[in-house]
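In what follows, a structure is listed as structure tokens, so that the remarks can point back to it.
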Amino acid sequence: MCGRFTLTIDLLTFIELFQIEIPGLNLTPRYNIAPSQPVLTILKQGSQRTAQQMRWGLIPSWAKEPSIGYKMINARAETLEEKPSFRNSFRHRRCLIPADGFYEWRKEGKQKQPYRFTLADQKAFAFAGIWDRWISPDGSEIISCSIITTEANDTVKPLHHRMPVILAEPQLQQIWLDFDNPGEFKGLLKPYAGRMAAYPVSPAVNSPKVDEPGLILPV
DNA sequence: CCAGACGTTGTT
DNA sequence: GTCTGG
DNA sequence: CCAGACGTTGTT
DNA sequence: GTCTGG
């Protein structure tokens, strides 16, 4: 599962890691990115990469109401090829969603204790994402996205049985954007096999309105 | 044929 | 309990 | 994901 | 838009 994440890197790191320069991009560090908010994504445009702000929570093009997006923040890797809401996006509209951490919660007594997960080296990575375009009755457009989930790996398993698909290697990220043959992606949508780190953080992160550096400090 | 759903997570 | 908002 | 709202009537 | 249920 993935319902909250972070992206705290600076612009130079972003350019080096994702091989894309976006004129005028203001990469404000984010410590609590929540569903329904705009997220920074990377997609392929011809042979180039381009960046696009999207709403997190995929609204299928045929939806009558945009509120359906609140239920579409994650898409299960196991059923991507079948689900009417995701299938065409999976085939034709994949994206990378840069991040350097994500949160999971565990009930501890009556409290919900949040934990932050990162790669062991703390470097930024990308979630595998899909997107769609929705046109409202008045003609305005919303581009929205969903984060793919898979089984949890050994680091996440103690907290939850699902985790987002993490693409850490630039080569895998490129394949995710490029493939047009299903055989090429099968290996990508697996629990992350590299080393990760996890630590408890302040419950201040529970409120999606809070977005400040203290949220990623260990408690 | 038309009507109605289309999703995930977590909890029981 | 369920939906919307962030 | 979690937090917070969830409604109508009538009055200003 | 496309699939499932009736």
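Just so it is clear, the structure is predicted and the values come from calculations on it, not from any experiment. Order of the sequence lines sets the chain letters (A, B, ...), proteins ahead of strands, with each chain counted from 1.
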| field | Gap in Å between the two C1' atoms, one belonging to dG7(B) and one to dT2(C), rounded | value | 15 Å
| said: Between Glu81(A) and Lys186(A), does any NZ, NE, NH1 or NH2 come within less than 4.0 Å of an OD or OE carboxylate oxygen? | reply: yes
| Just how far, in rounded Å, is C1' of dG7(B) from CD1 of Ile147(A)? | 15 Å
| said: Please determine whether a side-chain nitrogen of the Lys or Arg among Arg116(A) and Asp100(A) lies less than 4.0 Å from a carboxylate oxygen of the Asp or Glu. | reply: yes
| message | Less than 3.5 Å apart, any donor N or O on the side chain of Arg93(A) or Asn88(A) sitting next to an acceptor on the other? | response | no
| request: Could you state the atom-to-atom distance from CZ of Phe102(A) to P of dT9(B) in whole Å? | output: 13 Å
| Arg76(A) NZ/CZ over Phe86(A) ring centroid, <6.0 Å and within 45° of normal | no
| dG10(B) versus dC2(D) - spacing of their P atoms, nearest Å | 9 Å
| field | Spacing between Trp134(A) atom CH2 and dG1(E) atom P, to the nearest angstrom | value | 15 Å
| task | Could you tell me the separation between the CD1 atom of Ile142(A) and the P atom of dG6(C), rounded to a whole number of Å? | result | 13 Å
| Do Thr13(A) and Phe18(A) have side-chain heavy atoms sitting under 4.5 Å apart? | no
| query | What integer distance in Å separates Lys157(A):NZ from dT9(B):C1'? | reply | 17 Å
| message | Using a strict heavy-atom distance below 4.0 Å, which residues from residues 52-80 of chain A are in contact with DNA chain B? | response | Trp62(A), Lys71(A), Met72(A), Asn74(A), Ala75(A), Arg76(A), Thr79(A)
| task | Evaluate the ring planes of Tyr103(A) and Trp105(A), with Trp represented by its six-membered ring, and classify them as parallel (under 30°), tilted (30 to 60°) or perpendicular (over 60°). | result | tilted
| Touch class at under 4.0 angstrom, heavy-atom based, for Phe86(A) against every strand present | sugar-phosphate
| Rounded to the nearest 0.5 Å, what separation is found between the CG atom of Leu40(A) and the CD1 atom of Ile33(A)? | 8.5 Å
| said: Taking the ring centre of each residue, are Phe5(A) and Trp56(A) less than 6.0 Å apart? | reply: yes
| query | Does dG7(B) have a Watson-Crick or wobble partner in any strand here, with both distances under 3.5 angstrom, and which is it? | reply | none
| field | For atom CZ of Arg133(A) and atom P of dG1(E), their distance in whole Å | value | 16 Å
| task | Name the pairing partner of dG5(C), where a pair is Watson-Crick or G-U wobble with both distances under 3.5 Å, or state none. | result | dC2(D)
Between the protein and nucleotides 10-12 of chain B, are there any N/O to N/O pairs under 3.5 Å, and if so, what are the atom names and distances?
{"residue": "dG10(B)", "atom": "OP1", "partner": "His160(A)", "partner atom": "ND1", "Å": "2.5"}
{"residue": "dG10(B)", "atom": "OP2", "partner": "His161(A)", "partner atom": "NE2", "Å": "2.8"}

| said: Can you confirm whether Thr150(A) sits close enough to Leu189(A) that some side-chain heavy atom of one is under 4.5 Å from a side-chain heavy atom of the other? | reply: no
| message | Between dC1(D) and dT11(B), how far apart are the two C1' atoms, rounded to whole Å? | response | 16 Å
| Phosphate OP1/OP2 of dT8(B): any Thr149(A) side-chain N/O under 4.0 Å | no
| query | To the nearest angstrom, how far is Glu82(A) atom CD from dC6(B) atom C1'? | reply | 13 Å
| P gap between dT4(C) and dA5(B), integer Å | 15 Å
| Under 6.0 Å between ring centres, would you say that holds for Phe90(A) and Phe185(A)? | yes
| query | Side-chain contact, heavy-atom cut-off 4.5 Å: Ser144(A) with Trp134(A)? | reply | no
| query | dG1(E) C1' sits how many Å from Arg87(A) CZ, rounded? | reply | 9 Å
What protein N or O atoms touch nucleotides 3-5 of chain D N or O atoms at under 3.5 angstrom, if any, and at what distances?
none

| message | Could you check whether any side-chain heavy atom of Ser36(A) comes within less than 4.5 Å of a side-chain heavy atom of Tyr70(A), counting everything from C-beta outward? | response | yes
